[in-house]
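Below: the structure, in structure tokens.
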There are 2 protein chains.
Amino acid sequence: MKIKFINARILTLDNTFEIIQGELVVKENKITFIGTKAPEDNYNRIIDCKYNLLMPGFKNAHTHSAMTFLRSYADDLPLHKWLFEKVFPLEEKLTKNDIYGLAKLAIAEYVSSGITANFDMYMEPHQIAKASMDTSFRTVILGCVNNFTESIKIMRENYTSLNSISELISYRLGFHAEYTTDEFILKELSKLANELREPVFTHSSETIQEVEDCKKRHSGLTPTEYFEKLGLYNYGGGGYHLVEMSKNDLEIFKKHNLFAITCPGSNTKLASGIADIKAFLDYDIPVAIGTDGPASNNALDMFREMFLVTGLQKLKHQDASCCDAKDVLYMATVNGARAMGLNNSDVLREGKFADLILVDMHQPNMQPINNIVKNIVYSGSKLNIKMTMVNGKILYENGIYYLGEDIEEIYNRANEITNKIKKA
Amino acid sequence: MKIKFINARILTLDNTFEIIQGELVVKENKITFIGTKAPEDNYNRIIDCKYNLLMPGFKNAHTHSAMTFLRSYADDLPLHKWLFEKVFPLEEKLTKNDIYGLAKLAIAEYVSSGITANFDMYMEPHQIAKASMDTSFRTVILGCVNNFTESIKIMRENYTSLNSISELISYRLGFHAEYTTDEFILKELSKLANELREPVFTHSSETIQEVEDCKKRHSGLTPTEYFEKLGLYNYGGGGYHLVEMSKNDLEIFKKHNLFAITCPGSNTKLASGIADIKAFLDYDIPVAIGTDGPASNNALDMFREMFLVTGLQKLKHQDASCCDAKDVLYMATVNGARAMGLNNSDVLREGKFADLILVDMHQPNMQPINNIVKNIVYSGSKLNIKMTMVNGKILYENGIYYLGEDIEEIYNRANEITNKIKKA
């Protein structure tokens, strides 16, 4: 397949925020041309962008896709009560097929929000992989070992099998959280990460309670200090949430080149607090953005997350100039890709994967055109996603889903699974 | 025109959050039937809702529509610097025609967000009225007297002329703010309001600085106390923003049946703070929601505002159960209408104006269907607006704008005006 985009505004984010006007060519799964005028060729399709904006797709750097069944079901509870009394008991009832079907629903929502890849942490990673492969979506699966599910042995097997299953799928090492994973497991994980020279990711410092409990259990160490001491960060990685970080935690992140993955929608809805993004920026720690799962957010909407990232910093620091739109857009795209190890999906450049979106400027919220980057971060919405392309394939265009299965089937299955679990 | 909606989920909000399945009929500008099966008739159009949700349109209870030209232009500044150094100097350059054109752009954004009426405060109220009448949109214009524009004499004239110009337009009394309006003007306004037995609205207690400055100028009185003392609230009214409210301020609101109109997006972006919505609810003070103008928000998106209303309360009170989705949806619809005096546009009921929207449930963010009200408040987006009807006329449907003028013309004009003002 050869697709040529013409009459495009193009924001490559390739070390610049400059927007050029011109053409972009996708051959198979890669970008092969960006410039004023593409070479003549037998294109299968020529898409007139009408001066809408081509840019790298958003990367959802932390989520639990299959939790769609809990959307609007277990709301308005604090994190620990929500997790232990609502989420865990219902999750126990999920079958493999359920996880497959529920993940597909999340993928539909991702593409409607211009998200071209997700960093997914959940049970049954082979089902998550299958959902992504069947919909042609790109997913980085995070191992999620803890006291209840998975094991280091299984993680090692998944690492081998899922890193070779499809060019759309990759697998990285991780664990659920300090408060759900005993030290002997973390020590085994550390051995594995050091052997494979792999980064490690986890939920970390999401609430003050989590940090205080960790300190009590581990001689006054914060989660970040404790994980570093165990050697989990020797080859990088990062943390999700990071609402409660000490100065020393920030130093550790800086020292090990860790990624801070912020989830402001989830932290807001669960009343966990506001992560200090300004501090990460001051320390030059790269920040990426995740929606978290649909049970805690409840939307999988990168536009809402971007506004929250900057808006909540302005409130936290009582400074309207805090956390510039450019920084936020970079977090949602380039930094997300790099946190996930998707170094060929980060920017628009010849040779990179064609993981890109077309942003509709012909909507009132994008007008007038004073500053396109600010328009996207401060005014953008899902309504502005005209097209989402992953690995050279269009998965969503003009409101239609192309996910290898009728979208209504995906909805019906998700409702059937949800009703079954609620009744069980 | 007779339009019948069939196969609808219907959320009337008429003293209930129950959702019924059935049919709804609109004749001319009114709802004439809600129930299981509409009577036979020669309908001009039958709309199959496919079990999408009919509900009252959102009411944008505070905005400055014509400020669209400043979107993404004067960002990242605190309120007073932003207002006096950026906004006021550029606004001076606006012509009457400019205000007409810029307001039309905002109206397009309103209908794309399911907003069916706005409470608009700006210069040149006759131009605002013309923009709404030409697009068939419903607008309540707020007089905006201050030291620089309008006068009590003009306001009295506008009150008469704009309250009789069209069934889509009404006009109410107001002033810009304490810090821009001298006492002799407020005393004249109070006389007028008491003569006409009309409520009065204004920007109030938006920042701590505003409250402190007011106290210095007026013997320790807060803005709310000062306005009450001047008799401005004898026939009701309310305040916009209300981020910094004392207990006595709340008592005054309660005593005079005033409306608290919150603008969380604007207060977030300008780092003004978080209004205490929980306190308003505890005092039984009705809360409505406004986007504020596009210069300070920058989106005119009721979905974003609804999430912020509840999310910011959860953060402020460190309580994930704070500010229930039902309360928020009621604020965005019924309370908004009542704050604006639109008592025939508040709920879906036979005899009420047909100011209603069709919410697309066939989108991934609305699935599965555990709780529709929570889905709307916690996951909803502009993408879920399938249709917006004002006064019985469809102004937006399936992504197409029906505003009496080609939407691209509206964009082009807004860009021309903006470029002219920036260069001048």
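Because only heavy atoms are used, hydrogens play no part in the values below, and waters and symmetry mates are left out as well, while side chains stay in.
- Rounding to the nearest 0.5 angstrom, the gap separating the OG1 atom in A:Thr418 from the CD1 atom in B:Ile369 is 10.5 Å.
- The distance from atom OG of A:Ser72 to atom CD1 of B:Ile376, rounded to the nearest 0.5 Å, is 9.5 Å.
- Of the listed residues (A:Leu383, A:Asp324, A:Leu102), the one with the most heavy-atom contacts under 4.5 Å to chain B is A:Leu383.
- With a 4.5 angstrom heavy-atom cutoff, B:Leu70 touches chain A only via backbone atoms.
- With chain B as partner, the option from A:Asn371, A:Ile372, A:Val373, A:Asn365 having the largest number of non-hydrogen pairs under 4.5 angstrom is A:Asn365.
- Interface summary for chain A: among B:Asn419, B:Val377, B:Asn297, B:Thr310, the most heavy-atom pairs under 4.5 angstrom belong to B:Asn297.
- With contacts defined as side-chain heavy-atom distances shorter than 4.5 Å, the pair B:Leu315/A:Leu315 does not qualify.
- For B:Lys81, the salt bridge (Lys or Arg N to Asp or Glu O under 4.0 Å) partners at least two apart in sequence or on another chain are B:Glu85.
- The distance from atom OG of B:Ser381 to atom CG of A:Asn384, rounded to the nearest 0.5 Å, is 9.5 Å.
- For a residue to count as touching a neighbouring chain, one of its non-hydrogen atoms must lie under 4.5 Å from one of that chain's; by this rule B:Asn415 touches chain A with backbone and side chain alike.
- Atom NZ of B:Lys50 sits in a sparse spot, with 12 or fewer heavy atoms from other residues, nucleotides or ligands closer than 6.0 Å.
- Sequence neighbours left out, the pairs with a member in residues 396-424 of chain B that pass ring-ring contact (aromatic ring centres under 6.0 Å, His included) are B:Tyr396-B:Tyr401.
- Listed for the A:Asn298 side chain is no donor-acceptor partner under 3.5 Å among the backbone atoms of B:Ser379.
- Below 4.5 Å, heavy atoms of chain A meet heavy atoms from B:Asn267, B:Thr268, B:Lys269, B:Leu270, B:Ala271, B:Gly273, B:Ile274, all part of residues 267-275 of chain B.
- In this structure, the side chain of A:Asn370 engages the main chain of B:Phe69 through a donor-acceptor pair within 3.5 Å.
- Looking at B:Phe307, only its side chain comes within 4.5 Å of chain A, counting heavy atoms on both sides.
- Your options are B:Glu416, B:His317, B:Lys374, B:Met366, and the one with the most heavy-atom pairs under 4.5 Å with chain A is B:Lys374.
- No part of B:Gln313 comes within reach of chain A, as not one of its non-hydrogen atoms sits under 4.5 angstrom from that chain.
- We find the CZ-CG distance between A:Arg304 and B:Asp301 to be 10.5 Å, quoted to the nearest 0.5 Å.
- Interface summary for chain B: among A:Gln318, A:Gln363, A:Lys316, the most heavy-atom pairs under 4.5 angstrom belong to A:Gln363.
- Only the side chain of A:Glu408 comes within less than 4.5 Å of a heavy atom of chain B; its backbone N, CA, C and O stay farther away.
- Panel note: side chain A:Arg71, backbone B:Gln367; a donor-acceptor pair is recorded below 3.5 Å.
- By the 6.0 Å contact criterion, NZ on B:Lys326 is open, its count of non-hydrogen atoms from other residues, nucleotides or ligands being 12 or less.
- Residues of residues 104-115 of chain B that come closer than 4.5 Å to chain A, counting heavy atoms only, are B:Leu105, B:Ala108, B:Glu109, B:Ser112, ordered by residue number.
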